[in-house]
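First up is the structure itself, then whatever we jot down about it.
FYI, side chains are in, hydrogens and waters are out, and symmetry mates aren't considered; it's all heavy atoms of this structure.
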There are 2 protein chains.
Amino acid sequence: MASSSIPERTEPDLSFLLDHTGYVLRTRMAAALAEIGLTARMHCVLVHAVGVERTQIELAEIGDMDKTTMVVTMDALERAGYAERRPSSTDRRARIVVVTEEGARVAERSQQIADGVHRSVLAALPEDERDVLVRALARLASGELEAAAAQPQPVRRARQRSA
Amino acid sequence: MASSSIPERTEPDLSFLLDHTGYVLRTRMAAALAEIGLTARMHCVLVHAVGVERTQIELAEIGDMDKTTMVVTMDALERAGYAERRPSSTDRRARIVVVTEEGARVAERSQQIADGVHRSVLAALPEDERDVLVRALARLASGELEAAAAQPQPVRRARQRSA
DNA sequence: TATTGTTATACTCTATAACTATA
DNA sequence: TATAGTTATAGAGTATAACAATA
């Protein structure tokens with residue numbers, strides 16, 4: 001959130017626009033999901049685990065989280081009674097995330113909530129802009145933008161113990 | 001970054017799209033600015049401080065940062081020799097951020113870099129989508145989206161000492 | 001040897017609190 | 001009393017490392 005809001009006489013400040021809209025949407029989504037006791041991550045895992053056999057790692061990749069973050073998220077889902085860890089029948093190292101009956105109901109509800117938030121956001125736009133916005137963002141998200149994106153993050157220094 | 005990348009048979013996942021594009025752009029911008037030794041925040045402060053008399057608080061608001069984060073950013077800019085703190089002539093509590101000559105050159109360069117990144121991103125889109133994307137994001141950023149955004153963040157708990 | 005999942009922990013980031021000096 | 005700026009530090013979030021079990 002260090003983008004400028006004041007327009008220079010140059011390019012449109014895409015950084016500010018994406019940061020700002022993303023922030024506001026995240027905030028709205030978090031608030032909406034919080035009403036049924038879910039975080040965005042719990043929602044994401046839940047929705048992608050219903051009906052299919054997926055391991056924690058697979059779900060972590062889908063939601064782009066670290067496997068250790070996945071552990072925390074699963075802990076929360078288990079405490080809430082929405083999902084369980086079951087040993088995989090094919091790989092005894094892995095755990096399948098099984099959504100409970102109540103979890104499935106919650107997942108459906110939370111997907112409705114998420115869709116509702118998205119709909120209400122898009123509703124603020126003139127109809128002809130909606131599709132173009134989604135299409136343009138999808139285009140940027142899938143490839144073109146990624147290509148040139150090196151990894152500039154200097155990689156977080158590791159804890160080092162002894163020599 | 002807990003949005004799903006797998007399309008449900010529902011609304012387009014605007015959360016994922018904004019998160020993802022925002023993340024990639026932030027990453028690219030950070031990498032590009034890092035080549036001249038700037039962070040996004042330093043760039044933002046520098047660019048909005050050249051030529052005008054602005055206090056730290058004013059610049060912090062423009063860049064949407066906390067005043068304590070502004071202190072850190074100013075420390076970095078001073079170390080680099082790009083900006084200085086000067087007492088305000090009208091309010092002896094406040095410090096005006098004065099950009100040095102070298103700082104002004106760097107600001108111009110960093111603005112070119114930022115514009116270049118934005119241009120190259122937009123270049124990935126068919127021409128007719130570019131304007132619409134920017135216009136739609138601007139519309140969402142300015143008001144409509146904000147209106148319904150309550151503050152759901154439970155406010156970070158304060159350190160409490162004694163009673 | 002490599003991988004899944006876990007625990008423990010360290011690091012980064014950023015905001016709160018408390019303070020000084022002014023207004 | 002309130003505000004600009006500073007310092008110190010707490011807290012959230014998240015990644016790294018090391019480990020156990022299994023592949």
Minimum-distance nucleotide to [X] side chain [options: [options]]:
X     : options                : value
B:K67 : C:dT22, D:dG5, D:dA15  : D:dG5
B:Q56 : D:dG13, D:dG5, D:dA4   : D:dG5
A:T68 : C:dT6, D:dA23, D:dG13  : C:dT6
B:T69 : C:dA15, C:dG5, D:dT22  : C:dA15
A:R92 : C:dA17, D:dA15, D:dT22 : D:dT22
A:D66 : D:dT16, D:dA21, D:dG5  : D:dT16
A:I57 : C:dT3, D:dG5, C:dG5    : C:dG5
B:R93 : D:dG5, D:dA2, C:dT4    : D:dA2

Nearest whole Å is fine: how far is [N] [atom2] from [X] [atom1]?
X     : N      : atom1 : atom2 : answer
B:D91 : D:dA2  : CG    : P     : 17 Å
B:M65 : D:dA4  : CE    : P     : 16 Å
B:Y23 : D:dT14 : OH    : P     : 12 Å
A:M74 : C:dT6  : CE    : P     : 8 Å
B:I96 : C:dT22 : CD1   : C1'   : 15 Å
B:M70 : C:dT14 : CE    : P     : 14 Å
B:D64 : C:dA15 : CG    : P     : 8 Å

A side-chain contact here means heavy atoms from C-beta on lying under 4.5 Å apart; do [X] and [Y] qualify?
X      : Y      : value
B:L133 : A:L140 : yes
B:D64  : A:Y23  : no
B:V97  : B:Q56  : yes

Could you say whether A:V72 or A:T90 is positioned toward the 5' end of DNA chain D, judged by the nucleotide with the nearest heavy atom to each?
-> A:V72
Examine C:dT3: is either OP1 or OP2 under 4.0 Å from a nitrogen or oxygen in the side chain of A:R95? Give yes or no.
->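 No.
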Does B:R85 make a side-chain N or O approach to OP1 or OP2 of D:dT6 shorter than 4.0 Å?
-> yes
Are B:D75 and B:R85 ion-paired here, with the side-chain N under 4.0 Å from a carboxylate O?
->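 Yes, this pair counts.
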Please determine, by modelled atom types, if A:R93 and A:S88 share a side-chain donor-acceptor pair under 3.5 angstrom.
->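 Judged by distance alone, the side chains do not pair up.
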Would you mind classifying the nucleic acid contact of B:T55 as base, sugar-phosphate or nothing, using non-hydrogen atoms under 4.0 angstrom?
->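 Answer is sugar-phosphate: B:T55 comes under 4.0 Å of backbone atoms only.
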